[in-house]
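Just so it is clear: chains get the letters A, B, ... in the order the sequence lines come, proteins before strands, and each one is counted from 1.
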Protein chains: 2
Amino acid sequence: MAAQTPRQQDAASHRTPPVHTAPQEVALETALLALADPVRQTLVRELAGAADWERSCGSFDVPVTKATLSRHFSVLREAGLLEQRDAGAKRLNRLRKPEFDARFPGLLDLVLGHAAP
Amino acid sequence: MAAQTPRQQDAASHRTPPVHTAPQEVALETALLALADPVRQTLVRELAGAADWERSCGSFDVPVTKATLSRHFSVLREAGLLEQRDAGAKRLNRLRKPEFDARFPGLLDLVLGHAAP
DNA sequence: CAGAGTGTTCGATGATCTGCGTACACTCTG
DNA sequence: CAGAGTGTACGCAGATCATCGAACACTCTG
């Protein structure tokens with residue numbers, strides 16, 4: 001009964017999990033700076049158009065290298081906008097919309113409403 | 001009837017008037033970057049607490065020199081947040097709240113609501 | 001185990017931003 | 001007109017940021 005194949009995350013993960021920041025502890029300045037970058041705006045918009053844990057880090061269409069992309073994800077985590085979870089070799093993402101909306105009402109919807117040029 | 005003393009602005013002003021940008025033409029990124037700076041947040045909050053054309057540029061309590069302050073006003077004008085008008089030797093300010101709110105609903109109130117640390 | 005796939009970390013680089021001091025322009029007042 | 005008051009323009013320094021290439025770590029598959 002305990003020898004099930006570990007399908008998803010954890011089990012015996014030897015990877016350091018991503019560092020998260022709760023939206024309640026995020027300063028307004030941090031949130032504004034995170035959402036001001038055009039690449040991060042694209043990431044947020046694509047995340048909003050997908051289901052939770054649907055998108056892996058490499059599945060986003062942005063014109064930057066994976067090193068830069070990794071950095072952007074780090075900024076979004078620190079801003080309380082992104083939650084990540086390891087699933088096998090991939091790292092899945094979730095937009096923390098409810099929590100972030102509770103902290104900064106209307107801000108995320110403003111970014112989602114304005115289409116990218 | 002035409003020889004009234006010119007009390008306020010213009011008349012025969014030999015000064016180049018400030019350059020403004022209409023909030024309708026401001027990009028979201030520009031607005032977010034303008035509001036992300038702590039000094040500019042203070043300026044916006046103090047302006048919101050005063051009547052239109054009540055405050056001159058030098059009347060704000062921010063820990064920067066007047067050269068830096070002038071630069072911040074320029075950024076706020078480009079973001080569609082500030083309107084300025086010359087009145088004698090002074091330059092008076094007005095927060096463009098209605099216009100800015102129409103362009104980015106809720107954004108300005110978010111900044112005004114979060115008190116400075 | 002070897003290899004492909006995924007993602008992070010580490011410098012280095014170039015751009016941008018904030019801040020300052022100085023010099024300058026304009027306005028009003030004595 | 002001389003001077004004080006107000007604000008801008010022009011560099012210049014320091015900090016921060018976005019970006020990249022290369023190296024590394026972990027996971028799954030053949």
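Remark: S70(A) is not in phosphate contact with dG7(C), judged by side-chain N or O atoms under 4.0 Å from OP1 or OP2. The side chain of T68(A) places no N or O atom within less than 4.0 Å of a non-bridging phosphate oxygen (OP1 or OP2) of dA18(D). Listed pair R91(B) / dT8(D) meets the phosphate criterion, a side-chain N or O lying under 4.0 Å from OP1 or OP2. Between S13(A) and dT27(D) there is a side-chain polar atom (N or O) within less than 4.0 angstrom of OP1 or OP2. Residue R15(B) places no side-chain N or O under 4.0 Å from the OP1 or OP2 atom of dT6(D).
Picking from dG5(C), dT8(D), dT8(C) the nucleotide with the shortest atom distance to the side chain of K66(B) gives dT8(D). Nearest nucleotide to the R40(B) side chain, out of dT18(C), dT19(D), dC26(D): dT18(C). Looking at the side chain of T65(B), the nearest of the listed nucleotides dG7(C), dC20(C), dT27(C) is dC20(C). Ranking dA18(D), dG19(C), dA23(C) by closeness to the H72(A) side chain, first place goes to dA18(D). You'll find that the side chain of D37(A) is closest to dA18(D), out of dC20(D), dA9(D), dA18(D). For Q84(A), the listed nucleotide lying nearest its side chain is dT8(C); candidates were dT27(C), dT8(C), dG19(C). Each of dT8(D), dT19(D), dG7(C) was ranked by its minimum atom distance to the side chain of R71(A); first place goes to dT19(D). With distances taken from any side-chain atom of H14(B) to the nucleotides dT27(C), dG7(D), dT22(C), the minimum falls on dT27(C).
In this entry the distance linking CG of L43(A) with P of dA18(D) reads 12 Å, nearest Å. The nearest whole Å value for the distance from the CD atom in E78(B) to the P atom in dT16(C) is 14 Å.
If you check every strand for non-hydrogen atoms under 4.0 Å, K90(A) touches sugar and phosphate atoms only. As judged by a 4.0 angstrom heavy-atom cut-off over every strand, S56(B) is placed among residues touching the sugar-phosphate backbone only.
Nearest-nucleotide assignment on DNA chain C puts the 5′-proximal partner with L69(A), out of L33(B) and L69(A).
Of the residues listed (H20(A), R77(A), R94(A)), the one engaging Q84(A) in a side chain to side chain donor-acceptor pair (under 3.5 Å) is R77(A), and it is the only one.
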Run the salt bridge (Lys or Arg N to Asp or Glu O under 4.0 Å) check on E78(B) and R40(B) step by step: do they pass? CA-CA 13 Å; E78(B) 289 179 22; R40(B) 287 192 289 266; over 6 Å; no

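The two residues L95(B) and L108(B) come nearest to each other via the heavy atoms CD2-CD2, 4.2 Å.
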